[in-house]
Asks: 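Before I ask anything, here is the structure I am working with.
Since this is a predicted model, take the numbers as computed values, not measurements. As the structure lists them, so they are numbered: ligands from 1, and atoms in each ligand from 1.
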Amino acid sequence: HHIVEVRDLAHTYADGTAAVRGISFRIHHGESVAVIGANGAGKSTLLLHLNGTLTPQSGTVRIGDFPLTKETLRDIRRTVGMIFQDPDDQLFMPTVAEDVAFGPLNLGLPADEVEIRVQRALARVGIEHLRARPPYKLSGGEKRAVSIATVLAMSPDILVMDEPSANLDPRARRMLIALLAGFQHTKIIATHDLDLVLDLCPRTIVLHEGRVMADGPTAAIFTDD
Ligand code: ADP
Ligand code: ADP
């Protein structure tokens, strides 16, 4: 049974840009998959379908047991944790702890359960010491860590990331890779960062002009022949 199934997905933006032109793939529970391709290949558009930000115009997306429709959006958003390229898009509360608590509170969880989740998520990314700090004053690496904690606090099965290592200094980038390597979650990572692909993703999907140009073992994708 696959945790993600995308079938014949196509998406054309309102201005007529055909960003995704018939994409199909399936992902097993626990797999880590890189999605690579030039700018404009359709990576972000595909990812936005995996957490329900976009719903299919044509084709289907199934996450766990749920076909992606307007009715299942809530279930999909609980199953899929989306980490956006720019942490500033995800952090907006006065303190780190409040940012991490925001999602669980929105689920309607009781305060003590929320606090447990906040502590666990902060510990998981090693930033308990930042809990009372205002997110906007943190370094890029620290903001990235907080954005990951906000997602972990929702207990997602799947982590979807759009360029998670963008704008990180080398040390923060290494920490990010080590951190993600320790997660058992199913991971889908759109990136231009070759180290991230080689270190974290045994499988790579290559997009080109809205289509899957290659899909297979990362080692095979990066072998010239
Ligand atoms: P990638 O993430 O691989 O760079 P995108 O999914 O962002 O690819 O973009 C695919 C194509 O869709 C590009 O031609 C891009 O310019 C276009 N596109 C992306 N978002 C929009 C939008 N909101 N409206 C119109 N065109 C868009
Ligand atoms: P700075 O660049 O401001 O010195 P550090 O790299 O020292 O920030 O990180 C501060 C804390 O944030 C570290 O203790 C580490 O646990 C956490 N951290 C930083 N970057 C990341 C990252 N990319 N992923 C996870 N945790 C991170």
Side-chain angles (χ1 to χ4, degrees), residues 3-27 31-63 67-70 73 76-77 79-92 140 143-144 147-148 150-151 156 158-168 172-173 176-177 180 185-218 220-222:
I3 195 166
V4 175
E5 183 178 47
V6 174
R7 221 187 258 203
D8 301 325
L9 182 69
H11 187 87
T12 299
Y13 284 105
D15 67 356
T17 305
V20 167
R21 308 167 181 233
I23 286 181
S24 301
F25 59 83
R26 296 187 295 184
I27 293 177
E31 263 193 289
S32 291
V33 181
V35 178
I36 67 171
N39 286 331
K43 302 182 296 295
S44 296
T45 305
L46 170 64
L47 260 46
L48 291 173
H49 283 88
L50 298 180
N51 83 330
T53 304
L54 295 173
T55 48
Q57 293 168 341
S58 87
T60 57
V61 172
R62 180 175 57 72
I63 305 289
L68 173 55
T69 63
K70 298 228 158 36
L73 267 188
I76 302 283
R77 295 239 168 94
T79 308
V80 178
M82 181 88 174
I83 296 162
F84 292 93
Q85 181 169 347
D86 185 353
D88 289 332
D89 291 344
Q90 249 164 323
L91 307 175
F92 48 88
K143 283 182 185 173
R144 171 49 77 214
S147 77
I148 293 170
T150 64
V151 167
I158 306 172
L159 294 177
V160 175
M161 293 168 259
D162 197 348
E163 295 285 359
S165 61
N167 309 317
L168 295 184
R173 190 168 143 273
L176 173 75
I177 293 176
L180 295 177
H185 304 74
T186 305
K187 301 183 206 77
I188 302 169
I189 310 177
T191 186
H192 292 289
D193 184 339
L194 193 55
D195 289 333
L196 207 86
V197 178
L198 295 174
D199 290 359
L200 291 178
C201 303
R203 175 178 169 194
T204 296
I205 295 175
V206 185
L207 296 188
H208 179 68
E209 296 180 355
R211 294 192 175 88
V212 175
M213 196 170 79
D215 179 358
T218 297
I221 300 273
F222 287 99

Asks: Just distances here: any N/O of Ala19 and N/O of ligand 1 closer than 3.5 Å?
Replies: no
Asks: Any ion pair linking Glu209 and Arg21 (charged N to carboxylate O, less than 4.0 Å)?
Replies: no
Asks: Heavy-atom pairs closer than 4.0 Å: do any link ligand 1 to the side chain of Ala38, the backbone, both, or neither?
Replies: backbone
Asks: Please tell me if atom 15 (C) of ligand 1 is touched by the protein, where touching means a protein heavy-atom distance below 4.0 Å.
Replies: no
Asks: Against Leu159, only a single residue in Val80, Ile189, Val151 fulfils side chain to side chain contact (heavy atoms under 4.5 Å, CB included); can you say which?
Replies: Val151
Asks: Please report the interatomic distance CD1(Ile36) to CG(Leu196), rounded to the nearest 0.5 Å.
Replies: 11.5 Å
Asks: Does the salt bridge (Lys or Arg N to Asp or Glu O under 4.0 Å) test come out yes or no for Asp86 and Lys143, once each step is laid out?
Replies: CA-CA 9 Å; Asp86 185 353; Lys143 283 182 185 173; over 6 Å; no
Asks: Using a plain distance cutoff, I'd like to know if Asn39 has any nitrogen or oxygen under 3.5 Å from a nitrogen or oxygen of ligand 1.
Replies: no
Asks: Quick one: does Gly42 get within less than 4.0 Å of ligand 1, heavy atoms only?
Replies: yes
Asks: Which atoms form the tightest heavy-atom contact between Leu68 and Gly52, and what is the distance?
Replies: CD1-CA, 3.7 Å
Asks: Is atom 1 (P) of ligand 1 less than 4.0 angstrom from at least one protein heavy atom?
Replies: yes
Asks: Please check if any side-chain donor atom of Thr191 sits under 3.5 Å from a side-chain acceptor atom of Asp193, or the reverse.
Replies: no
Asks: Over all heavy atoms of both residues, which pair between Asp8 and Ser24 is shortest? Give the atoms and the distance, please.
Replies: N-OG, 2.8 Å
Asks: Closest non-hydrogen protein atom to atom 5 (P) of ligand 1, residue and atom name please, with distance?
Replies: Thr45 OG1, 3.7 Å
Asks: Using heavy-atom distances only, which candidate in Ala41, Ser44, Gly40 approaches atom 7 (O) of ligand 1 most closely?
Replies: Ser44
Asks: With heavy atoms under 4.0 Å as the rule, classify the contact between Thr17 and ligand 1 as side chain, backbone, both or neither.
Replies: side chain
Asks: For atom 19 (C) of ligand 1, grab the closest protein heavy atom and report residue, atom and distance to one decimal in Å.
Replies: Tyr13 CE1, 3.4 Å
